[in-house]
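For the numbers below, each heavy atom of this structure counts, side chains included, while hydrogens, waters and symmetry mates do not.
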Amino acid sequence: MLNEYNVYSLRKRIFALIIAVSFIFLLLTVRLFYLQAIKAENLQNKALSQWVRDLPITAERGKIYDCNGAALAVSYTTYNVYTRYREIKDVNQVALFLSKKLNMKYNEVFEKITKHNVSEVLIKLKIEQSLAEEILEGDMPGIFLSENVTRYYPYGDLLTQVVGFTSIDNVGQAGLEAYFQDTLAGDDGYYMVQSDLQGKEIDNTLRTYIPTTAGDDVKLSIDVNFQIILEQVMKKAYEEQKAKGVTGMIMNAKTGEILAMSNKPSFDLNQIPRDNVSALMETVKNKCVVDVYEPGSTFKILTMAAALECGVAKLSDHFYCGGSMTVDGQRIKCWKSIGHGSISLSEGFAVSCNCVFMTLAQRLGTQRFYEYLKKFGIGEKTGIEISGESKGIMLNEKFVKTVDLARIGFGQTIAVTPIQLLTAISTIIGGNKINPSILAQEQNNQTRVVSENTSNIICEMMKLVVNKTAKYSFVPGYDVGGKTGTAQKYENGSIARGKYISSFIGTYPASNPQYVLLFAVDEPSAGAYYGSVVAAPYGKEIFANLFTYLNIQPTNLEEDLKQIEKTIKMPNLIGKSLTEAISILNNLGLIYEIDGEGGIIKDQLPPAGTMLFKDANVILIT
């Protein structure tokens with residue numbers, strides 16, 4: 001009985017042992033499967049990281065071209081210098097050699113290469129190929145080079161805010177470099193060698209080269225020749241007007257393509273001022289699409305187009321301007337405080353009478369006016385391929401009072417971006433909805449927004465604005481249209497005294513525009529602030545230079561020059577009494593406006609010596 005019990009107990013123990021061993025083998029099998037199948041790739045990568053050293057090879061970044069194929073941003077190969085302490089035979093010799101070649105202090109180099117706690121130390125970034133070759137010729141163990149790609153901007157201080165720049169690692173940080181980062185970047189490559197525990201390369205072992213994939217190129221709608229012409233005049237205006245800033249754009253009115261776009265001040269993209277990051281980011285901000293402002297009289301183009309299209313205004317209409325209008329109990333002044341008197345619709349546009357446009361806005365009513373503003377693209381982003389675009393500021397339609405509506409009619413109580421305004425005007429003068437783009441494109445499936453008749457009337461009105469009712473040509477011999485604006489700036493919700501944005505919108509040819517120009521001077525402080533005096537002359541200069549570049553010959557030049565001979569030289573009225581100044585202007589056939597309540601002339605616009613035509617407006621500041 002005892003033997004039978006012992007045998008039974010032994011069998012139980014053997015069975016338990018078999019179960020335990022089987023369970024252990026099962027665990028080992030599962031663990032082995034987990035390591036070899038599931039974790040294999042991760043473990044292999046860890047292993048590779050321990051016995052393989054790699055030097056990164058930066059992919060060539062795609063180029064940025066203008067519409068004619070001129071390179072605006074390119075890349076070229078440079079080299080980074082590394083050292084590996086364990087492979088250096090003579091530390092002092094290497095430190096002396098590199099300090100001389102790299103123009104670095106000996107102690108700085110010595111301290112870097114003698115770091116024992118790291119296997120590889122970066123000595124210097126982005127050296128030129130010729131210097132890299134000199135270092136290789138030195139044939140010193142422990143010194144290594146890796147390829148890098150450096151960005152270069154052939155035009156330097158041109159298109160600063162549009163093109164933008166990259167970080168030291170070739171990652172786009174601003175402008176199109178950032179917007180098209182994924183397109184331009186490409187894929188980096190590596191050069192890998194096997195190494196021992198100390199990081200030394202093992203002789204006669206496998207070396208692996210993983211090539212780079214270059215980034216794609218980007219072709220812009222920008223014409224670098226247009227850009228140079230625009231920026232040269234903008235720089236001149238920035239300095240002469242002692243302005244806070246200047247914004248400028250030229251658009252193809254048919255396609256919405258941006259031919260030139262800039263902001264001043266700017267900086268050389270090859271010498272980025274990184275010492276003050278906040279100032280850098282403010283300067284590189286593209287104000288053409290980011291900042292909003294009250295457009296003032298240039299917005300009257302939109303009001304007029306909506307009124308004509310809705311049938312609430314026609315060319316035979318006449319208005320009366322007594323210098324102001326009272327709306328909702330508030331007196332709103334016309335810019336000409338003595339009033340324009342009885343005036344036609346076209347004359348109201350030509351002399352930019354606020355009373356005319358307040359009346360048109362009220363005739364439209366909030367609902368219809370807002371419908372057309374939205375059709376023109378106001379209050380929405382245009383979708384241009386530039387980061388940070390704003391959609392402007394519009395009062396909620398249900399909160400618009402009659403007095404607000406009146407002010408919107410002449411460009412107040414509403415804020416737009418420059419690109420919005422330029423796009424809206426291009427839409428009006430061409431009739432079709434325009435989608436602006438910084439890339440070369442064609443407008444397909446265009447939607448008609450205003451009738452051909454309305455477009456033609458607006459184009460003719462803009463021509464009469466700058467040509468003073470056809471008495472002379474804005475640019476002698478050329479069919480140019482335009483509209484000026486003078487907008488007060490706001491700070492902390494109230495008008496900023498003495499701060500204005502003076503602007504000019506120009507079109508060519510006026511009868512069927514191909515090009516539209518926006519030129520705005522922010523806070524001019526050289527004395528004048530009216531758009532007609534501050535911005536329009538620079539617009540005239542830009543057009544004149546464009547005609548030369550495009551080899552467009554003048555027409556009716558002789559007739560225009562005959563009219564110019566009839567000009568009147570503006571006298572110096574500063575210091576004279578108001579009565580005496582008015583008498584002089586009346587005798588010359590010039591129209592005057594008084595700014596102030598004093599009896600002595602403190603300043604005048606335009607300045608003495610300016611050539612004017614009969615019936616030109618003069619501002620007397622008392």
Side-chain angles (χ1 to χ4, degrees), residues 67 221-238 240-241 246-255 257-262 264 288 297-298 301 350 418 421-422 425-426 428-430 458-485 502-521 530-561 563-564 567 606 610-613 616:
C67 64
S221 58
I222 294 289
D223 185 323
V224 74
N225 298 292
F226 276 62
Q227 189 72 31
I228 290 171
I229 289 170
L230 177 66
E231 292 209 25
Q232 284 177 341
V233 177
M234 287 178 66
K235 183 180 180 182
K236 180 180 177 182
Y238 178 70
E240 289 182 347
Q241 298 299 326
V246 180
T247 298
M249 282 185 289
I250 303 174
M251 177 186 282
N252 183 324
K254 304 293 186 184
T255 65
E257 293 171 306
I258 301 298
L259 302 173
M261 174 184 281
S262 183
K264 295 296 178 187
C288 293
S297 293
T298 52
I301 299 170
L421 184 61
L422 197 63
I425 292 170
S426 294
I428 290 167
I429 61 179
I458 294 295
C459 288
E460 184 64 22
M461 284 183 169
M462 292 182 71
K463 180 178 178 179
L464 295 181
V465 169
V466 295
N467 294 339
K468 301 302 179 188
T469 322
K471 290 181 180 176
Y472 72 101
S473 179
F474 182 64
V475 180
Y478 295 93
D479 181 27
V480 177
K483 189 78 180 75
T484 60
S502 307
S503 60
F504 171 75
I505 296 288
T507 61
Y508 177 83
S511 53
N512 183 23
Q514 175 74 27
Y515 306 110
V516 185
L517 163 70
L518 181 148
F519 194 92
V521 181
Y530 284 93
S532 57
V533 178
V534 173
Y538 297 106
K540 180 176 181 177
E541 185 175 348
I542 290 168
F543 273 121
N545 293 340
L546 285 177
F547 297 146
T548 300
Y549 162 62
L550 296 170
N551 196 26
I552 299 175
Q553 300 302 313
T555 57
N556 300 321
L557 180 59
E558 187 175 337
E559 183 63 28
D560 281 343
L561 293 177
Q563 294 295 329
I564 290 175
T567 53
T610 303
M611 303 308 295
L612 304 172
F613 287 87

Among Phe543, Phe226, Tyr549, find the residue that satisfies the ring-ring contact (aromatic ring centres under 6.0 Å, His included) test when tested with Tyr515. Phe226
Mind listing the closest non-hydrogen atom pair of [X] and [Y] along with its distance?
X	Y	result
Ser532	Pro537	O-CD, 3.6 Å
Met234	Ser262	CE-O, 3.4 Å
Ser221	Ile258	OG-O, 2.7 Å
Tyr508	Ile552	OH-CG2, 3.3 Å
Met249	Leu422	CB-CD2, 3.8 Å
Lys264	Lys235	CG-N, 4.3 Å

Is any side-chain heavy atom of Ser297 less than 4.5 Å from a side-chain heavy atom of Lys483? yes
Report the residues that fulfil ring-ring contact (aromatic ring centres under 6.0 Å, His included) with Tyr538, sequence neighbours left out, ordered by chain and then residue number. Phe519
Quick one: ring-ring contact (aromatic ring centres under 6.0 Å, His included) partners of Tyr238, sequence neighbours excluded? none
Let me confirm one number: the [atom1]-[atom2] distance from [X] to [Y], rounded to the nearest 0.5 Å.
X	Y	atom1	atom2	answer
Met261	Glu231	CE	CD	11.5 Å
Met251	Leu518	CE	CG	9.5 Å
Leu259	Ile250	CG	CD1	7.0 Å
Ile222	Leu230	CD1	CG	9.0 Å
Ile429	Thr507	CD1	OG1	5.5 Å
Ile425	Ile458	CD1	CD1	10.0 Å

Gln553 and Asn551: side-chain donor and acceptor closer than 3.5 Å? yes
Are Tyr478 and Phe547 near enough that their ring centres are under 6.0 Å apart? yes
